Participant: 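Take this structure first; my questions come after.
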Amino acid sequence: GDETLEALEAGSSKLLDVPGIGPKRAAVLAQAFAEGRAKHRVMAELRGLALNASQAHKLYERWQAAAIERVKTDPYALIGELRGIGFETAERMARQLQIPTDSVVRGKGVILHLLRQGLREGHTCLPEQMLNEQLLRLGLSEETSTQAIAELIENRRLVCEEESGAAPPDPAAPSPPENAGRWYFHPSAHDCEVQIGADFHRLNSQQFDAAATPDQVMAAIQRAAYQPDPSQLRAVEMALRESFSVLTGGPGTGKTTSLRLVLDILEAAGVGPIRLASPTGRAAKRLHEATGRQAGTVHRLLGWDPIQSAWRHDEDDPIDAAYLIVDEVSMLDIFVAAALLRAVPDNCRVLLVGDADQLPSVSAGAVLRDLTHSRNAPQTRLELVHRQGSGSGIVLAAHSILQGHPPTTSTADSGDFFITYPENPDDAADLIERIVCERIPERYGLDPQTDILVLSPMYRGPLGVDALNQRLAQRLNPDGE
């Protein structure tokens, strides 16, 4: 009755006076009540630190009564520890705890936040000047930032690499060279960078005999539906000779054709098992359709376990392959690339395929682009575009863009590339309508409803996808049929 709470608070001795409750049950009830009361107190205090019920519950489940002390000591240390605890939440807790804006505790939290944010934006590290400017903008003095950086480095929560650059002309000159600088890494990104470099060196240093005989190569070429151009032949020879190689080239240069030829030769020579993989399921499906061979995602190849957040295959349990081909490598970030190369055994050749001029991966790093810039990575770049004719303005425009020059309109009567610069968005939209509905159909005999595709990089505005779709629909299908 009314004395229930009083009896529970008094402990097991008081509960023994209740008929039907023995010593064991009394002890269980008393302990459960004490734990519930302690949890309620901790949860109430956590809620008072600008945390919602879910966040408070997660903290209590992780550290029980010690959660309050952890939050008060360093709320920023919770970022990354628990899902749902981000930088904005840590900032709210810090304000509630009256942690000064210009403090080392906050400085360390802000630095790690900026590095994590950089990783999400694709950057493996931040240059010193950029980091300092952002810290100053967020209310941290140079003195505080310097101390925060030093403590993070000491605790291995931050990695700094110094680029010495070229030596100054005068060895006694006090000023460093202009291109000297420091670069700050999140430890996870730095570990991946180092791992990729070490595994690249390991795989690139392996010695193999040629994967196929000249007769086997010649027979496969003669069987091929398309005869390879000189750059494709060089790519095939490289893939059969090297232990680690990179094949790159723009759209239509014959990467897939070269890949099919390599696979035909490897199979004729009895090399196996051969594993094909791509970073995404869609890319793996295209690889399977283009080659006629089984292909899967890199995650499936490595045995990704989403529950444990771990890879099944690594250096201790490598993949079973004698030849590994990975397509669309421009999509690989440093984290997946490090896991992939780590799981490749010494007796396996590696061929990485992709367009180094495509946008890099969504996550951190530009693995393929960095490999193509390395003088130590055996590589072949396919130059000849086969999808358009040799005099195509599209091909010429693509090469101009790659070389850093603005493309120009085709001047020949058979031109297929045109560029124009309208005065304003409305004029551009009018021009697009005329091109789609009048000029292209009249010039090339194409059906604007089935043969023409309009691409726009945005959804809003006169030139956005929505407005253009509505405009073209009114012109081409006014009845909405």
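On a predicted model such as this, the values are computed, not experimentally measured, just so you know.
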Participant: Salt bridge or not for D355 and R369, using N-O below 4.0 Å?
Facilitator: no

Participant: Got a salt bridge between R241 and D209, using NZ or NE/NH1/NH2 to carboxylate O under 4.0 Å?
Facilitator: no

Participant: How far apart are the C-alpha atoms of R475 and E438, what are their side-chain angles, what is the distance that settles it, and do they pass the salt bridge (Lys or Arg N to Asp or Glu O under 4.0 Å) test?
Facilitator: CA-CA 11 Å; R475 176 71 181 275; E438 301 170 15; 2.7 Å; yes

Participant: From D191 CG over to Q195 CD, what is the distance, rounded to the nearest 0.5 angstrom?
Facilitator: 8.5 Å

Participant: For the pair R349 (side chain) and E242 (backbone), establish whether a donor and an acceptor sit closer than 3.5 Å, ignoring hydrogens and angles.
Facilitator: yes

Participant: Please report the shortest heavy-atom distance between L340 and V344, naming the atom on each side.
Facilitator: O-CG2, 3.3 Å

Participant: Crowded around M238 CE? As in, over 12 foreign heavy atoms under 6.0 Å?
Facilitator: yes

Participant: Give a yes or no on whether a salt bridge exists between R460 and D466, defined as a side-chain N under 4.0 angstrom from a carboxylate O.
Facilitator: no

Participant: Between Y76 and A90, which heavy-atom pair has the shortest distance, and what is it?
Facilitator: CD2-CB, 3.7 Å

Participant: Hey, does the side chain of Q449 reach the backbone of L476 with a donor-acceptor pair shorter than 3.5 angstrom?
Facilitator: yes

Participant: Between T253 (side chain) and E383 (backbone), is there a donor-acceptor pair under 3.5 Å?
Facilitator: no

Participant: Under a 3.5 Å distance rule, please check whether H123 uses its side chain to pair with a backbone N or O of C125 as donor and acceptor.
Facilitator: no

Participant: Does the pair R157/E151 count as a salt bridge with the N-to-O cut at 4.0 Å?
Facilitator: no

Participant: In Å, rounded to the nearest 0.5 Å, how long is the span from CG of L140 to OG1 of T146?
Facilitator: 10.5 Å

Participant: Would L158 and I149 count as a side-chain contact (heavy atoms from CB on, under 4.5 Å) if you check the C-alpha gap in whole Å, the side-chain angles of each, and the deciding distance to 0.1 Å?
Facilitator: CA-CA 7 Å; L158 177 70; I149 289 172; 3.8 Å; yes

Participant: Rounded to the nearest 0.5 Å, what separation is found between the CZ atom of R439 and the OH atom of Y444?
Facilitator: 11.5 Å

Participant: Quick one: are N469 and Y459 in side-chain contact, heavy atoms under 4.5 Å?
Facilitator: no

Participant: Could you go through E193 and T124, starting from their C-alpha distance and side-chain angles, then the distance that decides it, and tell me whether this counts as side-chain hydrogen bond (donor to acceptor under 3.5 Å, both in side chains)?
Facilitator: CA-CA 8 Å; E193 292 268 17; T124 58; 3.2 Å; yes

Participant: Look only at the side chain of K255 and the backbone of G250, and say whether a donor-acceptor pair between them is shorter than 3.5 Å.
Facilitator: yes

Participant: Walk me through it: do F335 and S188 pass the test side-chain contact (heavy atoms from CB on, under 4.5 Å)?
Facilitator: CA-CA 8 Å; F335 302 104; S188 62; 4.0 Å; yes

Participant: Y323 versus P273: any side-chain heavy-atom pair under 4.5 Å?
Facilitator: no

Participant: Quick one, L446 and P441 - any side-chain contact, counting heavy atoms below 4.5 Å?
Facilitator: no

Participant: Is the shortest side-chain N to carboxylate O distance from E315 to R202 below 4.0 Å?
Facilitator: no

Participant: Please check if atom CD in E289 has more than 12 non-hydrogen atoms from other residues, nucleotides or ligands closer than 6.0 Å.
Facilitator: yes

Participant: Does the side chain of Y184 pick up a donor-acceptor pair with the side chain of E161 at under 3.5 Å?
Facilitator: no

Participant: Distance check, rounded to the nearest 0.5 Å: L131 atom CG versus S145 atom OG?
Facilitator: 7.5 Å

Participant: For the residue pair I334 and I196, what are the closest heavy atoms and their distance?
Facilitator: O-CD1, 3.6 Å

Participant: Pairing donors with acceptors under 3.5 angstrom, does anything connect the side chains of S231 and D229?
Facilitator: yes

Participant: Report yes or no: does S330 contribute a side-chain atom to a donor-acceptor pair with the main-chain N or O of G354 at less than 3.5 Å?
Facilitator: no

Participant: Working to the nearest 0.5 angstrom, can you tell me the gap between L382 CG and S258 OG?
Facilitator: 5.0 Å

Participant: Atom CD1 in I111, atom CZ in R116: separation rounded to 0.5 Å?
Facilitator: 11.5 Å

Participant: Between V353 and E328, is a side-chain contact (heavy atoms from CB on, under 4.5 Å) present by the stated rule, with each step listed?
Facilitator: CA-CA 6 Å; V353 184; E328 299 289 1; over 6 Å; no

Participant: Taking all non-hydrogen atoms of both residues into account, name the closest pair between S363 and D333 and its distance.
Facilitator: CB-OD2, 3.2 Å

Participant: Taking atom CD of Q470 as the centre, report whether more than 12 heavy atoms of other residues, nucleotides or ligands fall under 6.0 Å from it.
Facilitator: no

Participant: Mark yes when over 12 heavy atoms from residues, nucleotides or ligands other than Q129 sit less than 6.0 Å from its CD; otherwise mark no.
Facilitator: no

Participant: Kindly indicate, with the supporting measurements, whether the criterion side-chain contact (heavy atoms from CB on, under 4.5 Å) is fulfilled by R312 and D305.
Facilitator: CA-CA 7 Å; R312 182 165 65 87; D305 185 342; over 6 Å; no

Participant: Examine distances only and state if a side-chain atom of Q222 and a backbone atom of A219 form a donor-acceptor pair shorter than 3.5 Å.
Facilitator: no

Participant: Testing the basics here: between A356 and R381, what is the closest heavy-atom pair and its distance to 0.1 Å?
Facilitator: CB-NH2, 4.2 Å

Participant: Counting C-beta onward and ignoring hydrogens, is there a side-chain heavy-atom pair between L352 and S245 closer than 4.5 Å?
Facilitator: no

Participant: Heavy-atom distance under 4.5 Å between the side chains of I221 and L233, does that happen here?
Facilitator: yes

Participant: Pairing donors with acceptors under 3.5 angstrom, does anything connect the side chains of T297 and H299?
Facilitator: no

Participant: So, the side chain of E142 versus the backbone of L136: is there a donor-acceptor pair under 3.5 Å, distance only?
Facilitator: no

Participant: Do the charged groups of D430 and R471 touch, with an N to O distance under 4.0 Å?
Facilitator: yes

Participant: Decide if atom CZ of R300 counts as having more than 12 heavy atoms of other residues, nucleotides or ligands within a radius under 6.0 Å.
Facilitator: no

Participant: Got a donor-acceptor contact below 3.5 angstrom from the S278 side chain to the T280 backbone?
Facilitator: no

Participant: Do Q227 and Q232 come close enough that some side-chain heavy atom pair is under 4.5 Å?
Facilitator: no

Participant: Does any part of the side chain of Q294, heavy atoms only, come nearer than 4.5 Å to the side chain of L276, both counted from C-beta?
Facilitator: no

Participant: Taking all non-hydrogen atoms of both residues, which atom of R293 and which atom of H288 are closest, and how far apart?
Facilitator: O-ND1, 2.8 Å

Participant: Side chains of L301 and R275: does their closest heavy-atom pair fall under 4.5 Å?
Facilitator: yes

